[in-house]
Number of protein chains: 4
Amino acid sequence: MSAAEDFGLEDVEPASSAAGKPLTKRGAATRTKLLEAAEHVFADLGYHEASIVKITERAGIGLGTFYLYFDSKQAIFEALVVDLNRRVRHSMAEAMEGAPNRIEAERAGFAGFFRFTAQHPALYRVVREAEFVSPEMLRLHYTRIVEGYRAGLEKARAAGEVRDVDPEVTAWALMGLGELLGMRYILWERDADGNRPEAMPAAVFEQMIQFINHGLAPREEQ
Amino acid sequence: MSAAEDFGLEDVEPASSAAGKPLTKRGAATRTKLLEAAEHVFADLGYHEASIVKITERAGIGLGTFYLYFDSKQAIFEALVVDLNRRVRHSMAEAMEGAPNRIEAERAGFAGFFRFTAQHPALYRVVREAEFVSPEMLRLHYTRIVEGYRAGLEKARAAGEVRDVDPEVTAWALMGLGELLGMRYILWERDADGNRPEAMPAAVFEQMIQFINHGLAPREEQ
Amino acid sequence: MSAAEDFGLEDVEPASSAAGKPLTKRGAATRTKLLEAAEHVFADLGYHEASIVKITERAGIGLGTFYLYFDSKQAIFEALVVDLNRRVRHSMAEAMEGAPNRIEAERAGFAGFFRFTAQHPALYRVVREAEFVSPEMLRLHYTRIVEGYRAGLEKARAAGEVRDVDPEVTAWALMGLGELLGMRYILWERDADGNRPEAMPAAVFEQMIQFINHGLAPREEQ
Amino acid sequence: MSAAEDFGLEDVEPASSAAGKPLTKRGAATRTKLLEAAEHVFADLGYHEASIVKITERAGIGLGTFYLYFDSKQAIFEALVVDLNRRVRHSMAEAMEGAPNRIEAERAGFAGFFRFTAQHPALYRVVREAEFVSPEMLRLHYTRIVEGYRAGLEKARAAGEVRDVDPEVTAWALMGLGELLGMRYILWERDADGNRPEAMPAAVFEQMIQFINHGLAPREEQ
DNA sequence: AATGAATGAGCTTTCATTCAT
DNA sequence: AATGAATGAAAGCTCATTCAT
């Protein structure tokens with residue numbers, strides 16, 4: 001329950017309610033089609049290789065229509081980052097729902113994050129490219145997730161479940177560690193057929209959890 | 001001692017020995033000027049905003065000359081990644097030289113990494129953008145550094161200085177953790193005048209080291 | 001009658017029906033403007049001196065618009081060769097319409113060819129340059145015209161109007177002979193004001209016809 | 001004898017004596033190397049794809065050296081046209097040497113022309129491209145050869161060996177006819193291995209000669 | 001006589017954005 | 001609300017030519 005809230009579930013507004021002019025039912029559908037098309041096109045091609053034409057073609061709508069919903073290529077990109085960020089946090093929060101303690105919440109949260117990563121490779125590709133397209137978006141993404149970790153750590157520390165760590169710094173450490181392991185062991189990995197795995201190897205996940213647990217555990221627990 | 005070697009100091013070749021046609025002394029100087037200009041231009045503007053003209057103007061040479069030394073914009077970008085990677089590893093290895101034990105080596109290595117980060121913001125900007133320009137270069141960068149961590153952990157484990165961790169996985173975790181903290185607490189930080197700090201706050205660094213130490217320490221030590 | 005058909009009048013499709021994306025009436029007009037501009041620019045400047053900017057400027061349209069209709073400079077050049085070839089054959093076929101016999105058909109056909117040459121100097125310039133830009137186009141041009149001669153000769157031979165010549169070889173001979181005379185006595189000739197003549201001198205034309213007639217005439221006719 | 005002279009054998013000067021600064025023995029050798037390299041490079045690549053670097057590389061000399069011998073790319077191209085023209089006329093004149101009469105001289109001359117064509121495909125490629133690089137050179141080439149035909153026809157007419165034709169016009173007709181047949185039946189032809197034939201098929205040659213003979217023969221002969 | 005590093009004008013091509021329909 | 005033809009700034013790259021060595 002509260003663990004889930006740490007990741008900001010409450011601020012989740014439906015993507016389609018965000019900015020963008022036409023507000024009829026038809027208009028909302030068009031906007032959603034654009035955002036979905038953009039997710040795939042940006043993920044497959046990257047920001048610069050992607051083009052408005054490719055997005056509108058994939059969305060099955062006319063080129064000019066694009067500008068009824070988004071002011072620019074950058075605008076839809078930013079909307080997409082916000083959307084993905086909302087969804088990955090949702091995924092983490094959902095996974096943590098009902099976790100009995102810090103350790104379990106941690107496992108569940110990371111598992112949720114990695115599951116989302118495996119299912120939506122666009123997350124990394126788009127978010128990491130945001131650094132070069134719209135740096136504020138990158139910060140927003142990291143900051144929002146880190147805030148979830150931070151809040152969780154804060155509570156856990158208050159409850160004596162973790163050492164007396166600086167929650168902020170530690171949250172960033174966890175974020176970085178999770179991100180690189182997700183990249184290395186999910187996104188870079190391919191099986192014989194060139195397909196990405198659906199999750200990271202359990203052993204790797206265990207190693208990571210052990211490392212974190214040792215890193216955080218209060219002295220007396222050990 | 002050996003800690004330094006783990007980061008591949010021995011493979012350090014001078015940048016100017018790499019590909020590029022003209023081989024005279026004058027030619028080598030020109031190539032170096034180009035690489036230096038590219039470091040700044042790519043760091044300031046990013047790959048796509050950067051242009052060959054901007055690089056050659058900054059280098060103070062003619063546009064056409066560029067193509068005597070590099071086949072394309074991407075080629076110089078890749079050469080730059082290789083160069084920066086070599087230099088950051090050098091910086092880390094140098095810092096670790098003579099460290100009496102694992103813990104000190106760790107502190108020194110990370111300090112070296114962060115120092116280089118503070119002095120060469122281009123490292124992050126260029127390397128991280130490589131993901132979208134030349135993905136193999138990104139892997140090469142991470143892999144080479146991780147290999148240094150891995151080798152160090154392997155030895156430390158054999159010496160009983162760390163828990164029985166998987167050196168590979170742990171190395172990636174350390175890389176990720178260091179990278180994000182460097183980004184957050186060095187690159188994103190500005191003082192009142194808008195200048196970047198010369199290092200991360202000591203407290204943050206300490207927190208990080210503590211986290212790593214707890215994460216790695218053999219049970220009996222604690 | 002049939003002489004006209006030999007030059008493939010029936011395959012004449014309007015130039016504007018060929019490839020090129022935009023299909024509206026406005027689009028067809030733009031494509032035609034481009035092709036007309038290209039004819040003049042290529043004829044005046046040659047392929048390499050010509051540039052897309054010069055073509056679009058002459059056509060009075062934006063540079064980028066060009067690429068809506070043609071994939072490249074070479075593509076419009078090839079379209080132009082096809083167009084000119086179609087038109088010169090049309091001109092020849094039209095001239096031969098209703099010729100009472102082989103000799104008259106021959107005169108008329110060559111006259112049509114030379115008339116077109118005088119009116120469209122671009123034909124030679126563009127077609128002959130095709131040899132170096134798009135060799136298949138050159139072959140296509142010569143082959144299509146030669147095929148007209150060949151078919152005519154075949155029929156004339158069957159009708160006993162010409163010696164027992166090889167129609168194919170003879171057709172190429174006629175093509176070559178006509179081409180060089182057209183170049184020499186129309187394209188290279190200038191009057192006092194530097195203007196090209198509207199036709200070759202009648203005496204030259206007569207000489208040529210006589211030469212051909214003697215070359216082809218059945219023994220008994222002479 | 002005289003037939004040979006008609007093609008201007010007497011004006012044959014060695015290529016290396018033409019313009020070009022350095023005049024030492026070494027210099028002459030360098031100039032020849034350049035001209036030979038240019039023949040191949042221009043023939044293989046065409047004028048625009050050819051580059052000075054490619055020519056000097058093929059010649060095995062330094063780039064800068066080129067400009068000691070030729071003022072520009074166009075200059076060496078023109079020198080090459082002059083050289084090839086001289087050589088093809090030489091080849092024709094040689095073949096005609098000692099021909100007993102007009103008919104035999106004709107056969108021999110064309111045979112010489114086609115033999116040279118088969119052995120030096122560069123002739124067509126370079127000469128025909130001259131039209132777009134240096135039009136005066138093209139005229140010079142055609143005019144010099146035509147002058148040979150013309151002189152021969154003049155004499156033959158005086159001797160009653162041919163009809164009362166206009167030697168000039170007829171010469172151009174012969175030139176055109178020979179050129180296109182050479183292109184069609186030698187240069188365009190390839191055997192199963194993609195090799196060009198060493199000569200045109202005898203039957204084609206015969207057809208051509210017959211056509212010419214009929215075209216020129218005085219009435220009473222037939 | 002010979003060299004090759006340096007130069008920059010000029011070309012082709014792409015694509016985000018506008019706007020008349 | 002939807003469309004797609006039109007636009008032109010801006011980029012990467014080539015190569016004939018120069019000139020210091």
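By convention in this document, chain letters (A, B, ...) are assigned in the order of the sequence lines, proteins followed by strands, and residues within each chain are numbered from 1. Atoms considered below: every heavy atom in the structure, side chains included; atoms not considered: hydrogens, waters and symmetry mates.
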Among [options], which nucleotide has an atom closest to any side-chain atom of [X]?
| X | options | answer |
| --- | --- | --- |
| D/Ile52 | F/dA1, F/dT3, F/dT17 | F/dT17 |
| B/Leu68 | F/dA5, E/dA6, F/dT14 | E/dA6 |
| A/Ser51 | E/dT18, E/dC15, F/dC13 | E/dC15 |
| A/Thr30 | F/dG12, E/dT13, F/dA2 | F/dA2 |

* Structure fact -> Between C/Tyr47 and A/His48, the residue closer to the 5' end of DNA chain E by nearest nucleotide is C/Tyr47
* Asked: With both distances under 3.5 Å as the test, what is the Watson-Crick or G-U wobble partner of F/dA20?
  -> E/dT3
* **Opposite nucleotide pairing with F/dA11, Watson-Crick or G-U, both atom distances under 3.5 Å** =>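 Pairing partner: E/dT12.
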Would you say [N] has OP1 or OP2 under 4.0 Å from some side-chain N or O of [X]?
| X | N | value |
| --- | --- | --- |
| C/Thr65 | F/dT7 | yes |
| C/Arg26 | E/dT21 | no |
| D/Tyr69 | E/dA2 | yes |
| C/Arg31 | F/dA5 | no |

* Using whole Å, report how far NZ of A/Lys73 lies from P of E/dT17. => 9 Å
* **Protein-nucleotide distance (D/Glu49, atom CD; F/dC15, atom P), rounded to Å** =>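 Interatomic distance, CD of D/Glu49 to P of F/dC15: 7 Å.
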* Asked: Salt bridge or not for A/Glu39 and A/Arg87, using N-O below 4.0 Å?
  -> yes
* C/Thr32 side-chain N/O to C/Ala28 backbone N/O, donor-acceptor pair under 3.5 Å ->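 Yes, because the side chain of C/Thr32 sits within donor-acceptor range (under 3.5 Å) of the backbone of C/Ala28.
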* Asked: Contact class for A/Gly64 (heavy atom, under 4.0 Å): base, sugar-phosphate, or nothing?
  -> base
* Using a heavy-atom cut-off of under 4.0 Å over every strand shown, decide if B/Leu63 touches base, sugar-phosphate, or nothing. => base
* To do: Rounded to the nearest 0.5 Å, what's the gap from NE2 on D/His48 to CZ on D/Phe132? Could you check?
  =>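 Rounded to the nearest 0.5 Å, the NE2-CZ separation comes out at 10.5 Å.
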* Asked: Taking the six-membered ring for Trp, are A/Tyr47 and A/Phe42 ring centroids under 6.0 Å apart?
  -> yes
